[in-house]
Amino acid sequence: MANILVTGGAGYIGSHACKALAAAGHTPIAYDNLKTGWRDAVQFGPLVEGDLRDRAALEAALTEWRPAAVLHFAALIEVGASVHDPARFWNNNVLGTMGLLDAMAATGVDRLVFSSTCAVNGDLDGVEVDETTPFGAISPYGTTKTAAEMMIADYARASDLRALRFRYFNVAGADPDAQVGEHHEPETHLIPVTLQAVRGTRPSLKIFGDDYATRDGTCLRDYVHVCDLVDAHVAAIDYLERDTRAPVLCLGTGRGLTVREIIEASEAVTGETVPHEMAPRRAGDPASLVCGSELARAELGWIPERSTPQQMIGDAWRWHQRAGYKS
């Protein structure tokens, strides 16, 4: 069992990864600047408070903990914000990744699992996305992740770096024990926003466009339970022992759900009506993104068994009802 550095370990996916790593016998070290992460989400190992662009702090953490691998989640992720402030996203997502790669090289850490996104592929009008789908990002968020992916591949070709790039679809749900969950400020992801509308902590859910080329006119996405997702990251640590150089694996279910279908499932789980209203389309939102790959199953033995709408929404609802959770 090993030390594993988790960048963004105080964030949504990172905190769930830390719990999964600890359950597998590893020691997760959360490296987070706490700008979007939460100190109380770091429950399963030590916290190192620092920024990826702080080369001295990052090298000090890598030298002290000597991790066997790095799971790199730290990034700005909100598509709409990236459209309005692309410079902030390029600075954080691209320069942060470069700083991490350089610090890993300087300290001899040679295994990396990178959190990428299907947003690197853009709007493919219902075409199922797999590892061979070409880059075609339509938002600055997607282009910064594209740049980071290309950078990792270049570093791997020129060095001993062993890297696995995961392209996610929409991550949802929460820890079934409700120790950690999805908590962004502001919250923009569909399922937690829907549940906030149910709880009355926001007036209503906005549906951004109902004239897309999907079965009910609302955007369609492939949703993956966060616990299924982090299971793939734990499996990736051993997978990289095979000396695989910069491969890409898509993590999705192959099933898409529309915004209206998420609303219907949320009403079934909670027994409450979801207040909602129509709003204009958002810049950078593709109509449909669904995974068309089985490669992660073949390579990692990964099965997204929790990724049903009932379980994702049910686990998220339990988190939102947790005593003391206010947002």
Side-chain angles (χ1 to χ4, degrees), residues 4-9 11 13-14 17 31-33 35-36 50-59 61-62 67-79 81-83 85-122 129-169 232-233 236-237 239-240 243-251 284 295-296:
I4 307 295
L5 190 78
V6 182
T7 75
I13 303 174
Y31 187 92
D32 201 298
N33 63 14
K35 294 290 179 61
T36 57
D51 193 287
L52 290 179
R53 292 159 295 184
D54 185 341
R55 177 73 175 269
L58 187 52
E59 287 192 16
L62 291 167
V70 175
L71 305 188
H72 180 24
F73 299 103
L76 298 175
I77 62 171
E78 207 272 295
V79 171
S82 79
V83 173
D85 190 2
R88 180 167 168 254
F89 278 69
W90 277 87
N91 186 288
N92 188 89
N93 295 358
V94 178
L95 295 185
T97 298
M98 179 179 287
L100 175 62
L101 292 172
D102 289 341
M104 288 174 64
T107 56
V109 179
D110 65 358
R111 280 190 285 171
L112 174 69
V113 184
F114 177 59
S115 168
S116 190
T117 169
C118 59
V120 302
N121 303 121
V129 175
D130 65 19
E131 292 79 7
T132 67
T133 304
F135 290 129
I138 60 173
S139 69
Y141 165 63
T143 55
T144 62
K145 285 291 191 175
T146 300
E149 275 208 37
M150 295 173 70
M151 186 191 310
I152 290 166
D154 285 345
Y155 273 63
R157 282 189 288 267
S159 70
D160 294 327
L161 176 67
R162 290 172 284 173
L164 179 57
R165 291 170 278 145
F166 281 135
R167 290 181 188 158
Y168 307 164
F169 288 72
H233 289 75
I237 295 168
Y239 179 74
L240 286 175
D243 197 31
T244 303
R245 298 296 184 100
V248 177
L249 292 176
C250 292
L251 298 180
L295 194 56

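- In terms of modelled atom types and a separation under 3.5 Å, the side chain of Asp130 and the main chain of Thr133 share a donor-acceptor contact.
- Counting only heavy atoms from C-beta outward, the side chains of Val248 and Glu149 approach each other to under 4.5 Å.
- Inter-residue side-chain proximity for Leu112 and Leu101 is flagged as met; some heavy-atom pair is nearer than 4.5 Å.
- A distance of 8.0 Å separates CG of Leu62 from OH of Tyr31, quoted to the nearest 0.5 Å.
- Thr117 OG1 to Leu251 CG: the interatomic distance, rounded to the nearest 0.5 Å, is 11.0 Å.
- Under the 3.5 Å distance criterion, the side-chain polar atoms of Arg111 are matched with a main-chain donor or acceptor of Ile237.
- Heavy-atom minimum distance, Val6 versus Gly14: CG1-O, 4.0 Å.
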Legend entry - Test side-chain contact (heavy atoms from CB on, under 4.5 Å) applied to Arg88 and Asn91, step by step: CA-CA 5 Å; Arg88 180 167 168 254; Asn91 186 288; 5.8 Å; no
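- Phe169 is listed as a side-chain neighbour of Val129, based on a closest heavy-atom distance under 4.5 Å.
- Residues Val120 and Gly142 approach most closely at CG1-O, 3.8 Å, considering heavy atoms.
- Taking every heavy atom of both residues into account, Ala81 and Phe89 meet most closely at C-CE1, 3.7 Å.
- For Tyr141 and Asn93, the side-chain atoms include no donor-acceptor pair closer than 3.5 Å.
- Proximity of Met104 to Tyr155: side-chain heavy atoms (C-beta onward) are nowhere separated by under 4.5 Å.
- The shortest non-hydrogen separation linking Ser115 to Lys145 is O-NZ, 2.6 Å.
- Each of Leu164, Ile152, Val70, Leu71 was compared with Phe114 under the side chain to side chain contact (heavy atoms under 4.5 Å, CB included) criterion, and only Ile152 meets it.
- Separation of atoms CZ (Phe166) and CD1 (Ile13) is listed at 12.0 Å; rounding is to 0.5 Å.
- Distance CG/Leu58 to OG1/Thr7: 9.0 Å, rounded to 0.5 Å.
- Among all heavy-atom pairs drawn from Ala74 and Leu52, the shortest one is CB-CD1, 3.9 Å.
- Put simply, OG1 on Thr144 and CG on Leu76 are 8.0 Å apart, with the number rounded to the nearest 0.5 Å.
- Taking the side chain as every heavy atom from C-beta outward, Asn121 and Arg167 approach each other to under 4.5 Å.
- Side-chain contact between Thr143 and Phe135: absent, with no pair of heavy atoms (C-beta onward) separated by less than 4.5 Å.
- Closest approach of Asn33 to Asp51, counting heavy atoms only: ND2-OD2, 3.0 Å.
- More than 12 non-hydrogen atoms from other residues, nucleotides or ligands lie less than 6.0 angstrom from CZ of Arg55.
- Using a 4.5 Å heavy-atom threshold, the side chains of Leu249 and Glu131 count as touching.
- In this structure, OG1 in Thr146 is found 11.5 Å from CE in Met151, a value given to the nearest 0.5 Å.
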